[in-house]
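Some notes on the structure that comes next.
Keep in mind that the numbers below use all heavy atoms, side chains included, and drop hydrogens, waters and symmetry copies. Letters go in sequence order (proteins before strands), and every chain restarts at 1.
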Amino acid sequence: MLNAVAIEIRPPLAAVVAAKSALVVRPVLPLERAMRGETTFGEPGAEASAEELMTAVAQRRDRKAFVRLFETFGPRVKAYLIRQGADRASAEDLAQDVMLAVWRRAAQFDRSKAAVSTWVFTIARNRRIDILRRARRPEIDPEDPALVPEPEEPADRVVEATQRRECLHAAVEELPEEQARLLRLAYFEDKSHSVIAEELALPLGTVKSRLRLAMGKLRTALETME
Amino acid sequence: MMPEHHPGDDLLIAYAAGSQDEPVALVVATHLALCPRCRNEVERLEELGGVLLEEQEAEALGEDSLERVLGRLDEAAPEAPEPPARVPASVDPRVPRPLRDYLGAGLEKLDWTSYRGLDKAELLQEVPGFRTRLMRIKSGTAMPAHTHEGTELTLVLAGGFSDEHGHFLRGDVAEADAATDHRPVADPGEDCLCLAVTDAPLRLTGPFGRLLNPFLRI
Ligand SMILES: [Zn+2]
């Protein structure tokens with residue numbers, strides 16, 4: 001079944017590659033994908049990236065592709081919600097809701113802008129604020145005429161989003177444990193930085209400066225890549 | 001013109017993580033509307049959220065979880081992107097979303113109170129532990145020196161002000177804490193309009209509570 005999915009997903013991508021390489025039709029090699037920094041899933045021979053799976057869901061309402069996204073992200077979204085303070089039953093229900101939203105909003109997924117993991121994270125985060133916190137999340141409106149636009153739109157970002165994701169992943173691994181731990185606390189526990197500082201028996205200033213240090217390293221990693 | 005004073009990394013991280021209270025998130029998000037640099041930063045920080053989400057340990061879903069979700073796939077039509085909200089012609093261009101959504105009928109219809117060259121209007125009063133205010137300071141007005149208890153964030157929407165820490169114009173965010181002692185002066189020319197949020201502890205509010213903003217302490 002997994003192989004069938006991979007085959008289903010290949011044609012559109014192969015077409016893209018072909019267009020870029022003097023119309024020579026050839027299969028996409030795993031190495032190429034790795035060079036683009038895309039996530040690969042499953043066994044050898046079935047390595048569709050999350051971005052390809054999501055594109056298959058968006059364009060063809062591909063249920064098999066959705067099942068694989070569900071199996072990868074569903075349990076992680078549930079873990080995220082539990083760490084954010086949801087009990088197991090609500091975490092289970094909310095994780096299902098989040099994955100349903102992934103299916104329903106698939107058409108809005110833009111792989112040139114974000115990796116699938118980023119997109120799932122923002123959906124899970126917003127759902128949590130909405131349901132667990134019962135609060136509004138103030139967000140910009142990209143269509144607002146009062147929004148100050150980017151000086152110039154960066155050119156082709158298709159490759160960038162997934163590459164950046166891979167680069168960030170590597171950079172997080174490189175962080176000193178105390179900084180990585182703090183980042184995880186900041187992202188996964190619904191606590192203010194002062195509460196985190198209290199719990200770690202650290203001055204708030206130390207928490208902030210460690211977060212700043214971590215950010216500096218991640219920024220440098222991304223800049224080196226670009 | 002791009003802002004020069006940005007919210008600190010810790011504020012951007014907390015915004016991307018979604019761990020801030022609404023008033024603070026409102027200041028950050030309204031700054032984002034005026035600052036492409038920080039919009040980019042927040043996009044990167046959301047990517048970081050995705051990376052951390054992927055690498056964390058999974059929590060097994062219920063046995064019937066997949067089946068239940070698959071059973072609901074056809075339940076609703078795919079969610080279409082929301083149509084862009086229509087901007088009423090009367091909207092003040094100085095106030096971008098999301099702040100605009102908090103103003104009801106508009107800036108002028110707010111419940112303003114005035115005191116010595118300073119007008120203020122309360123927003124988000126239902127959120128405990130915070131004071132969220134729009135402030136309008138008459139151009140050229142100097143305020144008495146004061147210190148803060150608690151943290152205060154001020155986002156300039158129009159005009160500007162200066163204090164010991166710099167010159168703040170549209171889009172700039174000033175962060176002040178207990179260590180800050182300053183004497184802000186509104187720029188001459190245009191009146192200074194800003195959004196100020198303090199996380200003053202509740203004991204400081206009430207009829208004799210202090211107003212912790214760069215311009216006035218009552
Ligand atoms: Zn900024």
Could you look at [X] and say if it's the side chain, the backbone, both or neither that has a heavy atom under 4.5 Å from chain A?
X       : result
B:Leu45 : both
B:Arg37 : neither
B:Gln20 : backbone
B:Leu12 : neither

Main chain of [Y], side chain of [X]: is a donor-acceptor contact present, judged purely on distance under 3.5 Å?
X        : Y       : answer
A:Lys78  : B:Ala60 : yes
A:Arg133 : B:Ser19 : yes
B:Glu59  : A:Ile82 : no
A:Asp144 : B:Arg97 : yes
A:Arg76  : B:Glu54 : yes

Side chain / backbone / both / neither for [X] at chain B, heavy atoms under 4.5 Å:
X        : answer
A:Leu81  : neither
A:His169 : both
A:Pro142 : neither
A:Asp93  : side chain

Pair count under 4.5 Å, heavy atoms only, with chain A: among B:Ile13, B:Leu32, B:Asp101, highest is B:Ile13
Which residue out of B:Gly171, B:Ala33, B:Pro96 racks up the most heavy-atom pairs below 4.5 Å with chain A?
B:Ala33
If we only count heavy atoms from C-beta on, is the [X] to [Y] side-chain gap below 4.5 Å?
X        : Y        : result
A:Pro138 : B:Glu22  : yes
A:Tyr187 : B:Leu53  : no
B:Val51  : A:Leu168 : yes
B:Val69  : A:Trp103 : no
A:Val148 : B:Pro36  : yes
A:Arg136 : B:Leu26  : no
A:Met215 : B:Asp10  : no
B:Arg44  : A:Arg219 : no

What are the two closest heavy atoms between A:Glu139 and B:Pro98, and how far apart are they?
O-CB, 3.4 Å
Ignoring hydrogens, what is the shortest heavy-atom contact between B:Gln56 and A:Tyr80? Give both atom names and the distance.
NE2-N, 3.3 Å
Out of A:Ala146, A:Pro75, A:Gly74, which one racks up the most heavy-atom pairs below 4.5 Å with chain B?
A:Pro75
Which residues in residues 115-125 of chain A have any heavy atom lying under 4.5 Å from a heavy atom of chain B?
A:Ser117, A:Thr118, A:Val120, A:Phe121, A:Thr122, A:Arg125
Surrounding CD of A:Glu178 (heavy atoms of other residues, nucleotides or ligands, distance under 6.0 Å), is the total greater than 12?
yes
Other residues, nucleotides and ligands only: do more than 12 of their heavy atoms fall within 6.0 Å of CZ on A:Arg88?
no
Within this structure, what is the OG-CG distance for the pair A:Ser192 and B:Asp21, rounded to the nearest 0.5 Å?
7.5 Å
Carboxylate-amine/guanidinium contact B:Glu46 A:Lys113, below 4.0 Å:
no
Answer yes or no: is there an ion pair linking B:Asp9 with A:Arg212, defined by an N-O contact shorter than 4.0 Å?
no
